[in-house]
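Please read the structure below before turning to the comments.
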Amino acid sequence: MALDNATAVIQFLLIGISNYPEWSIMFFTLLLITYLSTLLGNALIIFLIYFDTNLHTPMYFFLSNLSFLDICYGTASMPQALVHCFSTHPYLSYPQCLTQMSVSLFLATAECLLLAVMAYDRVVAISNPLRYSVVMNGPVCSGLAAISWGTSLVLTAMLVLSLRLQFCGANVINHFVCEILSLLKLACSDTSLNELMILITGIFTLLLPFGFVLLSYIRIAVAVLKIRSSHGRLKAFSTCGSHLTVVTIFYGAAISMYIKPQSKSSSDQDKFISVFYGALTPMLNPLIYSLRNKDVKGAMKKVMAKRV
């Protein structure tokens with residue numbers, strides 16, 4: 001990303017919640033609870049998967065990757081948003097803004113791809129259970145996770161390095177963090193190529209993975225309906241239901257943000273959707289998986305029993 005030499009903008013003012021001062025305390029409290037829940041919930045998932053050998057399976061390997069991603073993703077933006085809640089002049093320098101935006105894009109893209117990999121894992125587990133351990137062996141799982149992380153790094157680098165923005169004095173971002181769409185709306189140079197790049201990247205990281213997930217679950221539904229045992233069908237739907245819930249929340253919020261025509265001004269609706277996408281989703285993941293998953297609840301009982 002290059003900043004034109006003619007511009008005098010060297011820092012950005014983040015509006016955040018400052019245009020709703022009466023909400024500052026409530027927003028700070030809710031965001032703090034959300035962030036702490038994200039850290040504790042996802043750290044607990046990682047600990048349980050490491051602690052309980054029954055969870056040393058491909059599904060939980062990918063879940064531990066997802067939990068680690070969620071911890072990093074929340075930490076990339078929420079502490080700054082908390083600090084800025086009561087800041088009179090919540091400024092970010094250009095390098096800080098660029099760094100935060102790049103890290104958030106990288107982690108969000110990695111999560112999009114990882115959720116698609118998790119859907120593939122469930123397809124293999126339910127459609128071909130006898131060969132599951134052979135198909136989804138250790139090297140394959142590690143390779144799929146590495147591809148998710150590596151591809152997200154490449155796509156993010158391409159998107160960020162393609163930005164050539166010129167700012168003509170406007171430096172007020174109507175957002176809680178430095179976010180790429182809000183930053184583009186400040187530019188006085190032509191951003192049509194940048195918007196096209198975001199759309200293309202969104203197709204590869206949102207629409208295509210989401211379409212793959214939907215097709216995967218159609219195949220899973222067909223396979224589950226062929227199971228004669230009602231207990232077997234219930235178990236299959238239970239293990240997949242958690243992942244489908246996470247996918248619906250994550251992709252739904254992201255698609256509503258990025259796969260749509262962009263206006264020249266930043267609306268309050270967009271920034272609050274972004275908070276839901278960037279703060280609530282990482283917190284909800286461990287709750288959804290732990291509340292709907294007997295294996296995780298069983299591992300928690302083992303830990304508690306050992307401490308007693």
Side-chain angles (χ1 to χ4, degrees), residues 1 14 30-51 55 59-84 92 95-118 141-160 175-181 183 201-202 205-206 209 242-243 246-247 249-251 253-254 257-258 271 273-290 296:
M1 176 179 177
L14 301 174
L30 291 175
L31 193 62
L32 179 62
I33 293 172
T34 300
Y35 180 52
L36 293 177
S37 300
T38 297
L39 293 180
L40 294 174
N42 285 290
L44 177 62
I45 292 290
I46 294 172
F47 169 75
L48 291 175
I49 292 172
Y50 176 81
F51 169 80
L55 301 182
M59 173 182 171
Y60 293 105
F61 169 76
F62 294 125
L63 178 56
S64 64
N65 272 261
L66 180 65
S67 292
F68 178 71
L69 262 174
D70 285 336
I71 290 174
C72 296
Y73 189 46
T75 303
S77 58
M78 281 193 273
Q80 176 198 292
L82 286 168
V83 170
H84 286 175
L92 270 189
Q96 289 175 322
C97 185
L98 174 61
T99 300
Q100 182 193 73
M101 183 186 71
S102 301
V103 171
S104 295
L105 281 172
F106 164 63
L107 295 171
T109 303
E111 185 151 346
C112 289
L113 300 178
L114 185 62
L115 288 173
V117 170
M118 292 174 73
C141 292
S142 299
L144 289 172
I147 289 172
S148 299
W149 288 89
T151 303
S152 65
L153 181 62
V154 172
L155 289 173
T156 302
M158 290 173 58
L159 181 60
V160 172
H175 212 287
F176 299 98
V177 295
C178 271
E179 195 266 340
I180 189 168
L181 294 179
L183 196 62
T201 305
T205 59
L206 290 172
S242 302
H243 182 248
V246 170
V247 163
I249 294 172
F250 187 82
Y251 283 115
M257 279 287 298
Y258 294 102
K271 71 178 180 183
I273 290 176
S274 180
V275 169
F276 176 82
Y277 171 71
L280 286 184
T281 304
M283 181 195 73
L284 290 175
N285 286 352
L287 292 176
I288 291 169
Y289 278 103
S290 61
V296 173

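- For the pair F62 and A145, the tightest heavy-atom approach, listed with the atom from each and the gap, is CE2-N, 4.3 Å.
- Considering all non-hydrogen atoms of both residues, S148 and L113 come closest at O-CD1, 3.6 Å.
- In the displayed structure, Y50 atom OH is contacted under 6.0 Å by at most 12 heavy atoms of other residues, nucleotides or ligands.
- When side chains are defined from C-beta on, L206 counts as touching Y251, because their heavy atoms get closer than 4.5 Å.
- Residues W149 and L69 are in side-chain contact: their nearest non-hydrogen atoms beyond the backbone lie under 4.5 Å apart.
- Partners of C178 under the disulfide bond (SG atoms under 2.5 Å apart) rule, at least two apart in sequence or in another chain, are C97.
- Every residue two or more places apart in sequence or in another chain that forms a side chain to side chain donor-acceptor pair (under 3.5 Å) with Y60 is listed here: N293, D295.
- Note that CG of L114 and OG1 of T151 are 11.5 Å apart. Values are rounded to the nearest 0.5 Å.
- Heavy-atom minimum distance, A76 versus S104: CB-OG, 3.9 Å.
- Summarising the geometry, atom CG belonging to L66 is positioned 5.0 Å from atom CD belonging to E111; distances are rounded to the nearest 0.5 Å.
- To the nearest 0.5 Å, atom CG of residue L32 and atom OG of residue S37 are 9.0 Å apart.
- Nearest heavy-atom pair, P209 versus A116, reported as atom, atom and distance to 0.1 Å: CB-CB, 4.0 Å.
- Once rounded to the nearest 0.5 Å, the distance linking CG of L31 with CG of L280 reads 9.0 Å.
- A search for side chain to side chain donor-acceptor pair (under 3.5 Å) contacts involving T75 returns Y35, not counting sequence neighbours.
- Scanning both residues, I46 and S67, for their nearest heavy atoms gives CG1-CB, 3.7 Å.
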Checking side-chain contact (heavy atoms from CB on, under 4.5 Å) for the pair I180/L159: CA distance, chi angles, key distance, verdict? CA-CA 10 Å; I180 189 168; L159 181 60; 4.0 Å; yes
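- Note that CG of L115 and CG of N285 are 7.5 Å apart. Values are rounded to the nearest 0.5 Å.
- Side chain of S64 to main chain of F61: a donor-acceptor pair is present (N/O by atom type, distance under 3.5 Å, no hydrogens or angles).
- Between L183 and L98, every side-chain heavy-atom pair lies at or beyond the 4.5 Å cut-off.
- Side-chain contact between L39 and M78 is absent, with no heavy atoms from C-beta onward closer than 4.5 Å.
- Considering all non-hydrogen atoms of both residues, P282 and N42 come closest at O-ND2, 3.0 Å.
- Atom CD1 of I45 and atom CG of L40 lie 12.0 Å apart (nearest 0.5 Å).
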